[in-house]
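First up is the structure itself, then whatever we jot down about it.
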Amino acid sequence: MKKTVQGEDFLGKTCRVEFDRPLGSLHPKHGWKYPLNYGFVPGYLAGDGEEIDAYYLSANKPLEAIEGLCIGYVHRFDDNEDKLIVTDGERFSEEELEERLNFQEKWYKHKIVVGDEQ
């Protein structure tokens, strides 16, 4: 059985991310290229009923899956899901995160939440 979660449930924890939209792949509906690896954490559902999505910021090549540290998440106010921000332990300022995730988050009213250790 899959568990429904929010971004805060993963903050500061290691998680496995599988990538259905690896770096350089095209968005299935809009056709733009992903500038980073984007996927999901298997077995955990977001508020939209789909597996919780994750951005992975610590690779410059397409990946299939990886274990990483959730350093933060994007809380969308006009959507029913959070998006995890996962790295290999690398840290980013909130401004850097906004810049890196702007390619997709610019379409949503959102807030980036980072862990205390960030």
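If you read the sequence from its start, that first residue is 1, and numbering goes on from there. Keep in mind that what you see is a predicted model, and the values were worked out from it rather than measured.
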Closest non-hydrogen atom pair between [X] and [Y], with its separation:
X: Pro22; Y: Leu63; value: CB-O, 3.6 Å
X: Leu23; Y: Leu36; value: CD1-N, 3.3 Å
X: Pro42; Y: Glu18; value: CG-OE2, 3.4 Å
X: Leu84; Y: Cys70; value: CD2-SG, 4.1 Å

Working to the nearest 0.5 Å, report the span between [atom1] of [X] and [atom2] of [Y].
X: Gln104; Y: Asn102; atom1: CD; atom2: CG; value: 10.5 Å
X: Thr4; Y: Leu45; atom1: OG1; atom2: CG; value: 5.0 Å
X: Ile71; Y: Leu11; atom1: CD1; atom2: CG; value: 9.5 Å
X: Leu69; Y: Lys13; atom1: CG; atom2: NZ; value: 11.5 Å
X: Arg91; Y: Glu96; atom1: CZ; atom2: CD; value: 12.5 Å
X: Ile52; Y: Asp9; atom1: CD1; atom2: CG; value: 7.5 Å

Is it the case that atom [atom1] in [X] sees more than 12 heavy atoms from other parts of the structure closer than 6.0 Å?
X: Lys106; atom1: NZ; result: yes
X: Asp78; atom1: CG; result: yes
X: Glu99; atom1: CD; result: no
X: Glu64; atom1: CD; result: no

Are Val5 and Val17 connected, step by step, through hydrophobic side chains (Ile, Leu, Val, Met, Phe, Trp, Tyr) whose heavy atoms are closer than 4.5 Å?
yes
Treating [X] as the side-chain partner and [Y] as the backbone partner, does any N or O pair qualify as donor plus acceptor under 3.5 Å?
X: Arg100; Y: Leu57; result: yes
X: Glu51; Y: Phe40; result: no
X: Asn37; Y: Tyr55; result: no

If you take the centroid of each ring, where Trp contributes its six-membered ring, are Tyr44 and Phe10 closer together than 6.0 Å?
yes
Show, in sequence, the C-alpha distance, side-chain angles and deciding distance for Asp79 and Asp48, and conclude whether the side chain to side chain contact (heavy atoms under 4.5 Å, CB included) test is met.
CA-CA 8 Å; Asp79 198 6; Asp48 65 354; 5.5 Å; no
Would you check, one step at a time, whether the test ring pair (Phe, Tyr, Trp, His ring centres under 6.0 Å) holds for His75 with Phe77?
CA-CA 6 Å; His75 176 73; Phe77 296 104; 5.0 Å; yes
Polar side chain donor-acceptor pair, Gln6 to Tyr73, under 3.5 angstrom:
no
State, without any angle test, whether Glu90 and Ser58 hold a side-chain donor-acceptor pair at a distance under 3.5 Å.
yes
Could you label the plane-to-plane angle of the Trp32 and Phe103 rings as parallel, tilted or perpendicular, counting under 30° as parallel and over 60° as perpendicular?
perpendicular
Can you find a heavy atom in the side chain of Arg16 that is under 4.5 Å from one in the side chain of Ile66?
no
Here's a test for you: under side-chain hydrogen bond (donor to acceptor under 3.5 Å, both in side chains), which of Lys83, His27, Arg21 qualifies with Tyr38?
Lys83
Worked check of side chain to side chain contact (heavy atoms under 4.5 Å, CB included) between Val113 and Glu8
CA-CA 8 Å; Val113 178; Glu8 65 188 18; over 6 Å; no
Lys/Arg N to Asp/Glu carboxylate O, Arg76 vs Glu105, below 4.0 Å:
yes
Output, in order, the C-alpha distance, side-chain angles, deciding distance and verdict of side chain to side chain contact (heavy atoms under 4.5 Å, CB included) for Leu101 and Ile85.
CA-CA 9 Å; Leu101 305 178; Ile85 304 169; 3.7 Å; yes
